[in-house]
Amino acid sequence: MTDTTEQSVAMKPPVAKREPKRREFHGDVFIDNYEWMRNKESAEVQDYVAAQNKYCEARMAHLAGLRGTLFEELKAHVEETDMSVPTRINDYWYFTRTQQGKQYGVQCRMPVRGADDWDPPVVDPQGAPGSMIGEQVVFDANAESEGHDFFRLGGLDLSHDGRWMLYGVDVTGDERYDFRIRDLDATLEQGRPVELPELFKGIGGACFTPDGQWVFWTEVDDSWRPCAIWRHHVGTPVESDVCVYREADERFWVGAGISFDERSIVIGTGSKTTTEVLMLPVSTPEGEFQAFIPRKDGVEYDVSFACFEGAGDHGEDVPLAVVYHNANNPNFEIDVVDMRAHKPPYRLGEGVCVAAGSPYGCEHGEPDRPITEAYFNPANPTILQGAHGLGIEGIALHKHFVALSYRADGQSHVAYTTKQAAAADFLAGRPWRFIELLPPPLENDWDMVAADRADSTGDHGERLWTEDGVEVDADGTSPAVLQNLPQSLPQDHTSSFDGASDDHLPGETRRLYSIGTGGNPSYEAPRMRYSFSSYTRPGELHEIDPATGVDTLLKRGKVLGDFDPRDYMERRVWITARDGERIPVSLVWRRDFPAQDSPMFITGYGAYEIASDPGFSVARLSMLDRGVLYAVPHIRGGGEMGRAWYEQGRRLNKKHSFEDFVDATRALQAAHLADPRRTVANGGSAGGLLMGAVANMAPECFAGIEADVPFVDALTSILDPDLPLTVTEWDEWGDPLHDAGVYEYMKSYTPYENAPEASDDAVCFPRIFITTSMNDTRVLYVEPLKWLARLQAAGVDAVAKIEVEAGHGGRSGRYKQWEEVSYENAWCLAVMHITR
């Protein structure tokens, strides 16, 4: 149903012509009426896109006031003129300035005051770029983007001495970058920078050697796959460049970079499940790259080099190879190899295991044990013992500290130790004494487990809440009362301190945060930087001294206005999916709007082992302040609970992702936290596939669905090896071209082929809002366009906003992006019957 204002728009959607095209594989025939839309340059396609945009504009016209209100609310919360905390790289402090009214940030730097200068300089955040004594503008994207509707910086690398800058830009959104070399020490009389004549056109990326004399750049093939590495000697014609590596296997991408210790040029090549590292000393850039360990199908690894300074028997350094791999453990392990007694060749699994993930639930581990079972391993540090869903994500060895990153209990974690303690533990053959890094609490915060629930539920759903001795399932029902659901559930949740702890769903109310060790590019730094944020707490950058534990706040994200993070609540609940697996769901709401039959915005991704981790959003505040419950089901296919979580939601297990999302939605609605008549779902890219699938599976759960750059014609795309990214995607989705079973499975869920026909089913279908971009190279525009045409032909209320100058990430420039999210959120709120 449409509202009265929209009914006044005497306009019907554009009618797409039908031009049947036969597709036949494995004995199955599909007639595709809209495949003609793939001809992007045809006048028919361009006219159709223009007509759809005009239709969308007319349908959305009544929301102009709400869009404007949301944009102004977002803008009023942001400190428009600001700067980042300076980060030391070699002999300069680098930082980014943003200015009111400017779309892009400005990269600046100031020279260090001495070799031991590790305290960031005090810089006026309100000052103009270049206004401080010694401040130099390195790159001003505002000036560089003039004359372009779209602009994205695709990479920026500097020589060790800071003179030469290698940078790449994309002005169309197709993710092919033009790289140039700029002399930061020289300018022309007109004030324009001096640039060398070399132009690396339409490439995937590039890096300098530390001396700035050589460039290694990545070629991209016709399918948009980074396929080869070329060597360029600065000052010579690009036409004379030499290809030093070409990847023949179409499943693999390649890239080049410099090792952390700046001693090696590194080529990394990998598919979704296999990696290989090739290395060459920077001292011999014209030499031959050698594989550190030859690739083995199904094995991922990475390697870095470090040392324990002065830890040898006679005070000498102990050289180390630090190897991260999954040869023996599907959730990865970290091995440290003492290089004093070891020469090539190397094998994965050598050295001392510092940390190992949990094999529980993994295809190549212990598949019959529950993912959430506590894991114990004598090689692991104490802080990892008993963790649930433990995945090891990496380790970084600096001169003064060691940082360990891992996942457990569905969240990211960081631990640290001093380099001295690590050396002592390594040489003594005992587990390393890591300390978990916990975000500092807010004063007078509510961050706690409700006292009346602490003994009844855990954060993994091991025990369920009971009422009158009757066990209640995690979806809020019990067998005895299933037929009498509304009467069996509480009707008033407002008596508890958080407005939701009487929902009968196992879990707890607490800050759900993301934490990481970004901002540590210097090996010599004496202190470790880390950042964290939550759904309701703006990001903070801290610096901790591992030797003393002294934690210093460097910057807290500023939200202008009357914002107080204590006004918003976060809760993790666990629901039981239809196959019995427990699924974590994050909930966020405003404290003075109790979560009771609320309008709900529910979003998910569930692919590529990418975790949907907590993060702060200024735009989200406008929804929360209007009483919307924000929900994130951490469905299988993502990486929240380690490798097993991913494996259970990909290939022939992909439907678990969709089922988890639907079951989470139903559980929240059955618990009277959300109203299905005011529930809007959202997902983008692979999450857009999720949106199309759940709309087909459970249309009654959703009033509306926003699908951003949605991968909705998945089977057609994955069947065509000539399309961008297809072959590399077979590891994720399966290979329907050569496997009839995969073909049949994908056809059963791909949204385009399962869209409703013109019938009563379409009347009950959720309202659909689609966003896409004509220059998107990851999910081609034709997929959402074909889906849109089929939905509209069936009578579904579907509209699409089609960007003509943008790529997979949408529009560029922060104000344009604010306008875009305000546009999308206005539609979502209107579907929830919130129009002010």
Side-chain angles (χ1 to χ4, degrees), residues 326 329-333 355-377 380-393 406-413 436 449 453-466 471-476 504-510 512-514 570-587 604-606 609-614 631-650 653 656-657 659-661 663-664 667-668:
N326 68 348
N329 189 311
N331 262 318
F332 291 86
E333 67 182 59
S358 167
Y360 298 164
C362 296
E363 293 172 1
H364 301 293
E366 299 183 47
D368 296 329
R369 300 187 74 165
I371 296 173
T372 54
E373 181 176 330
Y375 178 66
F376 296 89
N377 184 326
N380 276 346
T382 300
I383 61 167
L384 300 185
Q385 302 296 344
H388 307 78
L390 176 63
I392 304 302
E393 297 201 322
Y406 61 99
R407 298 196 69 85
D409 308 300
Q411 289 194 200
S412 56
H413 295 264
E436 183 173 4
V449 179
R453 296 181 59 80
D455 296 329
S456 301
T457 61
D459 197 30
H460 316 287
E462 297 90 346
R463 297 179 59 197
L464 295 176
W465 187 266
T466 60
E471 181 170 290
V472 180
D473 292 334
D475 64 359
H504 290 240
L505 295 176
E508 62 183 17
T509 300
R510 60 182 175 87
L512 306 171
Y513 60 85
S514 299
E570 296 174 79
R571 178 165 162 77
R572 172 66 55 82
V573 298
W574 294 74
I575 66 100
T576 301
R578 62 195 69 185
D579 67 345
E581 187 59 79
R582 295 296 180 87
I583 311 299
V585 182
S586 296
L587 303 176
Y605 188 72
E609 203 172 2
I610 296 173
S612 298
D613 284 329
V632 184
H634 300 282
I635 58 179
R636 284 171 284 182
E640 284 85 345
M641 299 289 287
R643 178 54 56 97
W645 208 248
Y646 171 51
E647 292 171 344
Q648 290 192 18
R650 67 167 182 163
N653 290 320
H656 283 155
S657 300
E659 293 164 354
D660 292 352
F661 193 90
D663 294 345
L668 297 174

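Numbers here are sequence positions counted from 1. Predicted model, so just to flag it, every value in this text is computed and none were measured.
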Shortest non-hydrogen contact between [X] and [Y], atoms and distance:
X	Y	value
Tyr375	Pro359	CE1-CD, 3.3 Å
Ala577	Arg636	CB-NH2, 3.9 Å
Cys362	Pro330	CB-CG, 3.5 Å
Pro370	Tyr360	O-CB, 3.4 Å
Gly386	Ala374	O-CB, 3.6 Å
Asp409	Arg572	O-NH1, 3.7 Å

Distance check, rounded to the nearest 0.5 Å: [X] atom [atom1] versus [Y] atom [atom2]?
X	Y	atom1	atom2	result
Asn380	Tyr406	CG	OH	10.0 Å
His388	Met641	NE2	CE	8.0 Å
Leu390	Asn331	CG	CG	7.0 Å
Leu512	Gln411	CG	CD	5.5 Å
Phe376	Ser358	CZ	OG	11.0 Å

Using the side-chain contact (heavy atoms from CB on, under 4.5 Å) criterion, which residues pair with [X]? Sequence neighbours excluded.
X	value
Ala664	Ile575, Val585, Pro633
Ser612	Tyr605, Val632, His634, Glu640
Arg578	Glu659, Val662, Asp663, Arg666, Met697

Under the rule for side-chain hydrogen bond (donor to acceptor under 3.5 Å, both in side chains), what residues qualify as partners of [X], not counting sequence neighbours?
X	value
Tyr646	Glu732
Asn329	none
Glu363	none
Tyr513	none

For this session: Would you confirm whether Gln385, through its side chain, and Asn377, through its main-chain N or O, come within 3.5 Å as a donor-acceptor pair?
Result: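 Yes: the side chain of Gln385 pairs with the backbone of Asn377.
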For this session: Report yes if some heavy atom in the side chain of Glu581 is under 4.5 Å from a heavy atom in the side chain of Ile371; otherwise report no.
Result: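 Yes, at least one pair of side-chain atoms sits under 4.5 Å.
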Residue list, salt bridge (charged side-chain N to carboxylate O under 4.0 Å, His left out) with [X], at least two apart or on another chain:
X	value
Glu373	Arg369
Arg407	Asp613
Glu609	Arg643

Exercise. Under 3.5 Å, is there a donor-acceptor pair linking the side chains of Ser586 and Arg571?
Worked result: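 Side-chain D/A pair, Ser586 to Arg571: absent.
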